[in-house]
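I'd like to ask you about the structure that follows.
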Amino acid sequence: MIFELSYSANVAQAKELMLSIIQEEERILKTPEALVAVGELTPGSVKLYVRPWVAVSDYWNVKFDLTERVKKIFDENHILFATHEDGVK
């Protein structure tokens, strides 16, 4: 999973929040350990790479649930996602 954050976002806080979400999610396996890291710096965003391990049968439900939980908790903590201008006016 990749979450694109604004350059004004507090990346350390975003990583901490992501790790707390992962620790709370029972369907995410403890081994191997989940990865949360800055994967790329692009002109428009800081890309936060999130790699939790789950059973194959849980993959899509966990992906969708985590995405929704990340949006909610990032909004609550004023962590901004990147916005992309497409140049169309």
> Quick one: hydrophobic cluster around L80, which other residues, with the 4.5 Å side-chain cut-off, linked directly or via members?
Replying inline: none
>> Membership question, hydrophobic clusters at under 4.5 Å side-chain separation (ILVMFWY): are F64 and I2 in the same one?
In response: no
Taking distance alone, no hydrogens or angles, what donor-acceptor pairs closer than 3.5 Å link side-chain atoms of residues 17-24 to residues at least two apart or in another chain?
{"unit_1": "S20", "atom_1": "OG", "unit_2": "L17", "atom_2": "O", "d": "2.7"}
{"unit_1": "E24", "atom_1": "OE1", "unit_2": "R69", "atom_2": "NH2", "d": "3.0"}

>> Would the distance check show the side chain of N77 and the main-chain N or O of I79 forming a donor-acceptor pair, the cut-off being under 3.5 Å?
In response: no
>> I'd like to check the side-chain contact (heavy atoms from CB on, under 4.5 Å) partners of E76; sequence neighbours left out, ordered by chain and number.
In response: K72, I73
> Going through the distances and angles, do M1 and L66 end up as a side-chain contact (heavy atoms from CB on, under 4.5 Å)?
Replying inline: CA-CA 10 Å; M1 302 173 74; L66 253 100; 4.0 Å; yes
>> Listing request: all side chain to side chain donor-acceptor pair (under 3.5 Å) pairs with a residue in residues 51-65, at least two apart in sequence or in separate chains.
In response: R27-D65
I'd like a table of donor-acceptor pairs (distance under 3.5 Å, sequence neighbours excluded) in which one partner is a side-chain atom from residues 33-43, with atom names and distances.
{"unit_1": "E40", "atom_1": "OE2", "unit_2": "Y49", "atom_2": "OH", "d": "2.4"}
{"unit_1": "T42", "atom_1": "OG1", "unit_2": "G44", "atom_2": "N", "d": "3.4"}
{"unit_1": "T42", "atom_1": "OG1", "unit_2": "S45", "atom_2": "N", "d": "3.0"}
{"unit_1": "T42", "atom_1": "OG1", "unit_2": "S45", "atom_2": "O", "d": "3.1"}
{"unit_1": "T42", "atom_1": "OG1", "unit_2": "S45", "atom_2": "OG", "d": "3.0"}

> How far does CZ of F74 sit from CG of L48, to the nearest 0.5 angstrom?
Replying inline: 6.0 Å
> If you look only at pairs with a residue in residues 10-23, which of them pass as a salt bridge (Lys or Arg N to Asp or Glu O under 4.0 Å), with sequence neighbours excluded?
Replying inline: none
> How would you list, by chain and number, every residue that makes a side chain to side chain donor-acceptor pair (under 3.5 Å) with S6, sequence neighbours excluded?
Replying inline: S8
>> Restricting to side chain to side chain donor-acceptor pair (under 3.5 Å), what partner residues turn up for T31, sequence neighbours left out?
In response: none
